[in-house]
Structure formats: structure tokens, C-alpha cells
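Nothing here was measured: the structure is a model prediction, and the numbers come from that model. Both counts, for ligands and for their atoms, begin at 1 and track the order of listing.
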Amino acid sequence: MDTFDAITSKLDVRQFDGSRNVPREVKLKILEAARVTGSGNNTQHWRFILVENKDALESLSKGSSGPWIATCNFAVMILTDPSLGYHMIDAGRATQDVQLAAWNYGVGSRLFTKLETDRIRKEFGIPQNLNPTVVVGFGYPVKKITGRKRIRKPLGEVVFLEKFGSTFDASKVK
Ligand SMILES: Cc1cc2nc3c(=O)[nH]c(=O)nc-3n(C[C@H](O)[C@H](O)[C@H](O)COP(=O)(O)O)c2cc1C
């Protein structure tokens with residue numbers, strides 16, 4: 001898949017086809033994408049937990065803002081070091097990379113950030129110096145995803161030329 005097509009066609013899926021397993025090779029590509037993502041100062045402070053166990057996925061769903069995780073084929077928990085000012089940017093970059101890597105193989109995904117941190121920390125053995133910052137769930141989407149993203153503001157509303165507040169005119173771009 002062309003990178004631009006991957007970016008513009010990927011959606012955050014909520015409904016996963018529980019009857020289809022994502023092949024091991026694809027999971028390993030997703031983890032490789034996480035590994036090679038650039039981090040601030042190349043600190044690579046992040047750690048990733050691959051969660052395949054159904055009971056563990058169910059547990060992640062409890063009290064979270066991602067109840068759909070229970071129906072995913074697997075998840076990747078992204079742990080980052082909150083003492084680094086840019087750790088959320090790093091988490092975001094890794095998130096987007098794993099999602100795009102998955103989508104390259106037709107695997108859908110979605111993320112959430114609100115979870116029962118203390119309980120999850122104990123259950124998954126997460127050390128105090130790392131936060132479970134993002135959980136990304138993966139699986140094949142129930143509905144076929146085609147076409148471009150729809151629910152997005154137009155370019156003219158979110159982009160300015162040279163100065164904030166200026167009207168954006170694409171024909172003026174050099
Ligand atoms: C920082 C961030 C936090 C998010 N948190 C949640 C969440 O807690 N639960 C959830 O179901 N989706 C979450 N999402 C997914 C967004 O709702 C989704 O990206 C947005 O609605 C656009 O979806 P679309 O690409 O399918 O149009 C989050 C996305 C981002 C970027």
C-alpha cells in the first residue's frame with residue numbers, strides 16, 4: 001500500500017471480527033514498526049507489551065475508555081517514561097506507526113489512553129518509572145473499509161499560510 005493511501009484511508013476501528021486471527025508474521029511487522037520508530041534524543045525509553053491472552057484483553061477493557069479492546073485479536077500496550085517532557089509525542093509516533101503497519105496488511109486498530117492504571121500496572125508487572133500511556137487494539141475490521149476519511153475539517157479551516165488566521169488558498173502554494 002502506498003504510504004499516502006495508508007494514511008488517508010486508515011480509520012480507527014471499533015468493531016473487530018473475532019473469528020479471524022492476525023498472522024504471527026503481521027504481528028511481528030507491527031512490533032518491528034514500534035521498535036524502529038524515532039523517539040526524542042533516540043532515548044527509546046518505551047517498552048511494548050504484546051497482549052494476546054483473551055482474559056488479559058478483557059481485563060484491559062474494564063474501567064477503560066476502550067471497551068472494544070475485549071473483542072480485539074491482540075493489543076500492544078505502549079509504556080513510556082513520564083519524566084521525559086516529550087514522552088507523549090513519542091507514544092503518539094509509535095502509536096501511529098503500529099497502526100499504519102497493521103493497516104498495510106489490512107488489519108484494523110484503535111487506541112485508548114484511559115485505563116485503571118494502578119490495577120493494570122500490578123497485573124502486567126509494569127515498573128513505576130514507566131506509564132501505560134497508550135493501548136492499541138488490533139484485528140480485522142467487521143466492515144470493509146474503503147475510500148477516504150470523511151469526518152475531517154476542510155484544509156482551509158486547519159491550515160494557514162505564513163500567519164495564523166490568514167485565509168488558506170491552495171492555489172497560492174508555491
Ligand atoms: C490521543 C488519542 C486518544 C484516543 N482515545 C480514545 C479512547 O480513549 N477511546 C476510543 O475508543 N478511541 C480513542 N481514540 C480514537 C479517536 O476517537 C479516533 O482517532 C477519531 O475518532 C478519528 O477516528 P477515524 O480515523 O476512524 O475517523 C483516540 C485517539 C487519539 C489520537
Side-chain angles (χ1 to χ4, degrees), residues 1-18 20 22 26 30-31 33-34 36-40 43 45-52 54-121 123-124 126 130-159:
M1 193 185 303
D2 171 80
T3 308
F4 184 76
D5 282 347
I7 293 167
T8 54
S9 64
K10 180 193 86 53
L11 294 174
D12 281 341
V13 177
R14 232 187 258 268
Q15 289 172 293
F16 298 89
D17 180 352
R20 286 182 72 194
V22 176
V26 174
I30 289 167
L31 294 173
V36 300
T37 298
S39 54
T43 39
H45 52 97
W46 45 36
R47 295 293 180 267
F48 306 98
I49 303 181
L50 173 67
V51 183
E52 299 182 298
K54 293 289 162 209
D55 292 340
L57 291 172
E58 180 75 41
S59 174
L60 278 174
S61 76
K62 290 195 182 113
S64 81
S65 55
W68 40 263
I69 196 78
T71 68
C72 284
N73 187 244
F74 70 99
V76 172
M77 214 188 304
I78 300 177
L79 317 175
T80 55
D81 178 351
S83 73
L84 300 171
Y86 47 78
H87 85 105
M88 293 293 257
I89 297 174
D90 289 342
R93 294 193 78 198
T95 300
Q96 187 76 357
D97 276 357
V98 294
Q99 288 197 281
L100 287 174
W103 186 228
N104 185 51
Y105 300 100
V107 174
S109 60
R110 193 180 185 96
L111 67 143
F112 67 87
T113 55
K114 183 181 164 282
L115 45 98
E116 293 181 347
T117 308
D118 292 343
R119 182 178 62 80
I120 295 298
R121 193 183 279 290
E123 220 172 290
F124 290 83
I126 299 168
L130 292 174
N131 276 0
T133 305
V134 181
V135 178
V136 191
F138 298 87
Y140 290 102
V142 167
K143 291 183 200 145
K144 198 171 179 338
I145 295 174
T146 53
R148 311 247 147 206
K149 295 188 185 190
R150 294 170 302 271
I151 315 164
R152 294 295 189 268
K153 292 176 178 165
L155 205 60
E157 196 176 328
V158 295
V159 179

Checklist entry - Of all residues at least two apart in sequence or in a different chain, which pass the salt bridge (Lys or Arg N to Asp or Glu O under 4.0 Å) check with E58? => result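 Expected list: none.
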Checklist entry - Given I69, I151, D12, which one has a non-hydrogen atom that is nearest to atom 15 (C) of ligand 1? => result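 Residue with the shortest heavy-atom distance to the ligand atom: D12.
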Checklist entry - Hey, looking at atom 24 (P) of ligand 1, which of R152, Q96, Q99 has the closest heavy atom? => result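 Checking each option, the heavy atom nearest atom 24 (P) of ligand 1 is found in R152.
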Checklist entry - Within the side chain of R47, is there an N or O that forms a donor-acceptor pair under 3.5 Å with the backbone of L79? => result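 It does not hold such a pair.
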Checklist entry - Can you tell which part of R110 has a heavy atom less than 4.0 Å from ligand 1: side chain, backbone, both or neither? => result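 Only the side chain of R110 comes within reach of ligand 1.
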Checklist entry - side chain to side chain donor-acceptor pair (under 3.5 Å): which pairs involve residues 70-84, sequence neighbours left out? => result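 Residue pairs passing side chain to side chain donor-acceptor pair (under 3.5 Å), neighbours aside: N21-N73, T80-H87, T80-T133, D81-S83.
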Checklist entry - Can you name the nearest heavy-atom pair linking T113 to S65, along with the distance? => result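 Here T113 and S65 meet closest at N-OG, 3.9 Å.
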Checklist entry - Looking at ligand 1, does any of its N/O atoms fall within less than 3.5 Å of an N/O of L111? => result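 Yes: some nitrogen or oxygen of L111 is under 3.5 Å from one in ligand 1.
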